[in-house]
Amino acid sequence: MALDKDGIAKRIAQELQDRFYVNLGIGIPTLVANYIPEGISVEFQSENGILGMGPFPFSGEEDADLINAGKQTITALNGAVYFDSATSFAMIRGKHVQLTVLGAMEVSENGDIANWKIPGKMVKGMGGAMDLVASAENIIVAMMHTNKKGESKLLKRCSLPLTGVACVKKIVTNLAVLEILPEGGFKLTERAPGVSVEEIQLATEGKLLVEGEIPEMNFN
Amino acid sequence: MALDKDGIAKRIAQELQDRFYVNLGIGIPTLVANYIPEGISVEFQSENGILGMGPFPFSGEEDADLINAGKQTITALNGAVYFDSATSFAMIRGKHVQLTVLGAMEVSENGDIANWKIPGKMVKGMGGAMDLVASAENIIVAMMHTNKKGESKLLKRCSLPLTGVACVKKIVTNLAVLEILPEGGFKLTERAPGVSVEEIQLATEGKLLVEGEIPEMNFN
Amino acid sequence: MIDKVVTNVHEALLGIEDGMTLMLGGFGLCGIPENSIAELVKKGVSNLTCISNNAGVDDFGLGLLLQQKQIKKMISSYVGENNEFERQMLSGELEVDLIPQGSLAERCRAGGTGIPAFFTPSGYGTEVADGKEVRVFNGKPHILENALTADFAIVKAWKGDVAGNLIFKATARNFNPMMAMAGKITIAEVEELVPVGKLDPNEIHTPGIFVQRIFQGLYFEKRIEQRTLRNK
Amino acid sequence: MIDKVVTNVHEALLGIEDGMTLMLGGFGLCGIPENSIAELVKKGVSNLTCISNNAGVDDFGLGLLLQQKQIKKMISSYVGENNEFERQMLSGELEVDLIPQGSLAERCRAGGTGIPAFFTPSGYGTEVADGKEVRVFNGKPHILENALTADFAIVKAWKGDVAGNLIFKATARNFNPMMAMAGKITIAEVEELVPVGKLDPNEIHTPGIFVQRIFQGLYFEKRIEQRTLRNK
């Protein structure tokens, strides 16, 4: 069965490593914070100016001056720190953040990503995404495998304006975990529970590489 | 009679204007702070990281963590602020400091200045001087008119490695006040009390421009 | 000490004219200069170029200026959550220059810092790089970005003193410090205006040298854009 | 929270080897990492390239490393007040790269910030500009300066917490924050190491993300270079 958004987040959370500073994008990536594996310490950065972001506040404790990059009210953990936007992107551009998780409209088999603009229709802007994908050593895309019309979002080439080129290393969708190979191509490494390689193949427009037996994701 | 160092500082202090932020170099320029004209507000910036620098501390109140760019112990006035070196030079390079006063070994008639190096002999480094002269809109050089050997320091061309090109606008020496004209040349505007135009001419190697009667400096 | 206090928002905004470029601090509705935005609406200045990370929402923040068609051009990184903005942009009434958030922050800082241009990897290979110089450093392509400055920068601080020293609160800091540096004239509206000596010189975020005018804001709605809560 | 504490200076400096590039915070003798410098002498590592605004005095600060001939190259803006330094430099034993103080600060910041190069007016027309690209912006020539980074950056803070967040005191801040950003590994020695939660998140100068190791310094002489006083 294909994963829901929380399932995708849960699988991505397994990629967190001890002592990682992590930037989570808006949408599915935000959910990753709910599934931090036990026994490791990670800290979340939000590019509007906080390191050590905590959970949402209890009712009555929200503070208009304390939000995340999704403009949601948040709290600050012990040891948190606030800073300005230039310092925030110093952390990102200077590679001090170890992992970036973000959503996408399209990813191509060479690691290009598009997630900020549909010409003539939707122009919200790139926000911090272009800085994040241009700089992070370790980028995971969290998204549904297909769009609302059922079309693949894993393409040979992106059709939408790019956010970054050759930067995505790993993708976790509702159907699969895939790595992008340096020479190009989506290498299938895990299937969502009960989802077949054929289903994944059918939902993938770009070059899918399937070697040997592909295990199911493990959620224990 | 030629001025002493305090006399030079006193004359330069007349150049301070209300609401000026001012950077004073090491040596004679530091003395300018002792002669702020009454009725105006100025603030002193020291490039190691303080704005609102006050006088030297009383004995027993000195703090190793509170110094000026000359590494002297200082105090902070009410309203002072500390900052890092990048922010400090943001103030300087970004033209937020209205006046820079610094010493020089040589100044040329087109406004070049040399004050950081004597090849093979003295190499202390430029410190913040190159940033200051490259950026300040308003630079006054405070120095003796001649060096220890009696040679002019106001030259056709500097012989020493430059600190900055075509940047000095005004010079106050022990003998005179001079402006550097855009087309080149030291325009004599004031004489030290009792010092003749001839004496000044004799001590100036570069092109000296003398138009009409040259008044004495006024210290009232 | 150089006194920067002006008596009210009207006096603070004197000199802002049609066609000028303004920087406005804030991220979403967090840390925006509410008093000054209201005064800009009242003043009715138009043809403004506004540099601000976001464009407010339909009925708050810069959305108020958009409604009155006072803005000719927006320079921002993210402009979602604003229908009127999207309408004006797609219809071509509004010029929009979208730039990566980190580049926006750094370009404002550069403008205030006397750095005319710098190289960044952000936006390489995208339409952001169109017409910009590309150069490879350490095997990686970068693009050359120019500094941004403004006729007026308008920022909002939590506390400020008479000398213009500012302290921001939590994530309301965001773009405010860089914009404060980059304005030819910088105006700060503050929640609490205090005498000099009241702020610890070690805790100031924006030194007063960057601020030309400061005033006590009269009201701060501090609207929350996404009130998200957890259950007790 | 990510714990950065190491038990002592010895552990903090593990991995520093001959030939490496180090950044060391401080301005003159103000805000220098005294404990770490003493340990570097004890360790005896040599052929170091040291990026530091100054080179200490003959018997304190980096002067201690110079005496032991541990430094191959200095990258600084001002190196007066140090006879041994001047002797080694003029005799050619010591390589010296002198760069304007503002460019030094900005180049360190650039290194920590992922900006590989930027234009500055400082040094144009001087030997600092030799071999560097010149470009005119707004009618004024600028030179292109590259970012600086280091294998290790060693900084000294007043207070620091377990997560590596730092607060500096007064003008002892100087180069420390930029260097903290620019080290591949950044070591902070602090006068007071406190538990997380003890520092106000709004008052931190260097966020802990830039610091990999932090330790409680055992002694701080805090020598004053120019004790200047006024009369009561």
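Note on naming: letters A, B, ... go to the chains in the order of the sequence lines (proteins, then strands), and numbering restarts at 1 for each one.
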Checking heavy atoms, do the side chain of [X], its backbone, both or neither come under 4.5 Å from chain D?
X: Leu66(B); result: both
X: Phe89(B); result: side chain
X: Lys121(B); result: backbone
X: Glu47(B); result: both
X: Asn68(B); result: backbone

Does [atom1] in [X] sit with more than 12 non-hydrogen atoms of other residues, nucleotides or ligands closer than 6.0 Å?
X: Lys187(B); atom1: NZ; result: no
X: Lys10(B); atom1: NZ; result: no
X: Asn138(D); atom1: CG; result: no
X: Arg157(B); atom1: CZ; result: no
X: Tyr21(B); atom1: OH; result: yes

Flag the one option from [options] with the top tally of heavy-atom pairs under 4.5 Å to chain D.
options: Gly49(B), Ala86(B), Ser135(B); value: Ala86(B)
options: Gly164(B), Ala134(B), Gly127(B), Ala166(B); value: Gly127(B)
options: Ser88(B), Pro161(B), Pro57(B), Ala90(B); value: Pro57(B)

At a heavy-atom distance under 4.5 Å, which candidate from [options] has the highest pair count against chain B?
options: Ala55(D), Pro121(D), Ser76(D); result: Pro121(D)
options: Lys222(D), Met89(D), Met178(D); result: Met178(D)
options: Leu229(D), Asn231(D), Ile99(D); result: Leu229(D)
options: Pro177(D), Ala172(D), Ala170(D); result: Ala170(D)
options: Ile224(D), Thr228(D), Val79(D); result: Thr228(D)

Discussion item. So for Glu191(D), is it side chain, backbone, both, or neither that comes closer than 4.5 Å to the heavy atoms of chain B?
Written reply: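 Side chain only.
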With a 4.5 Å heavy-atom cut-off, do [X] and [Y] have their side chains touching?
X: Asn53(D); Y: Ser85(B); value: no
X: Leu29(D); Y: Lys71(B); value: no
X: Asp65(B); Y: Trp158(D); value: no
X: Thr163(B); Y: Thr126(D); value: no
X: Thr73(B); Y: Gln226(D); value: no

Worksheet item: Glu225(D) and Ile67(B): side chain to side chain contact (heavy atoms under 4.5 Å, CB included), yes or no, with the steps?
Response: CA-CA 9 Å; Glu225(D) 205 164 332; Ile67(B) 65 171; over 6 Å; no
Worksheet item: When rounded to the nearest 0.5 angstrom, what is the spacing between NZ in Lys124(B) and OH in Tyr78(D)?
Response: 5.0 Å
Worksheet item: Can you tell me how far the CG atom of Leu104(D) sits from the CE atom of Met130(B), to the nearest 0.5 Å?
Response: 13.0 Å
Worksheet item: What closest approach, in Å, do Arg230(D) and Phe56(B) show between heavy atoms, and which atom pair accounts for it?
Response: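 Taking Arg230(D) first and Phe56(B) second, the nearest heavy atoms are NE-O, 2.5 Å.
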Fill in: Nearest heavy-atom neighbours spanning Gln101(D) and Gly128(B)
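Here Gln101(D) and Gly128(B) meet closest at NE2-N, 3.3 Å.
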Item to complete: Test side chain to side chain contact (heavy atoms under 4.5 Å, CB included) on Asp84(B) and Phe168(D) and set out the steps.
Response: CA-CA 9 Å; Asp84(B) 64 46; Phe168(D) 305 94; over 6 Å; no
Worksheet item: Taking the six-membered ring of Phe83(B) as reference, does the NZ or CZ atom of Arg173(D) fall below 6.0 Å from its centre and within a 45° cone about the axis?
Response: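 Relative to the ring axis of Phe83(B), which defines the angle, Arg173(D) lies outside at least one limit.
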Item to complete: Go through Ser103(D) and Asp131(B) one step at a time and tell me if the side chain to side chain contact (heavy atoms under 4.5 Å, CB included) criterion holds.
Response: CA-CA 8 Å; Ser103(D) 297; Asp131(B) 306 279; 3.8 Å; yes
Worksheet item: Under the salt bridge (charged side-chain N to carboxylate O under 4.0 Å, His left out) criterion, do Asp63(B) and Lys169(D) qualify, and how do the steps go?
Response: CA-CA 10 Å; Asp63(B) 178 351; Lys169(D) 192 178 152 212; 3.2 Å; yes
Worksheet item: So Glu127(D) and Lys117(B), side chain to side chain contact (heavy atoms under 4.5 Å, CB included) or not? Walk me through it.
Response: CA-CA 11 Å; Glu127(D) 62 184 59; Lys117(B) 184 177 183 179; 2.6 Å; yes
Worksheet item: Is the backbone of Gly102(D) close enough, under 3.5 Å, to the side chain of Arg93(B) for a donor and an acceptor to pair up by distance?
Response: yes
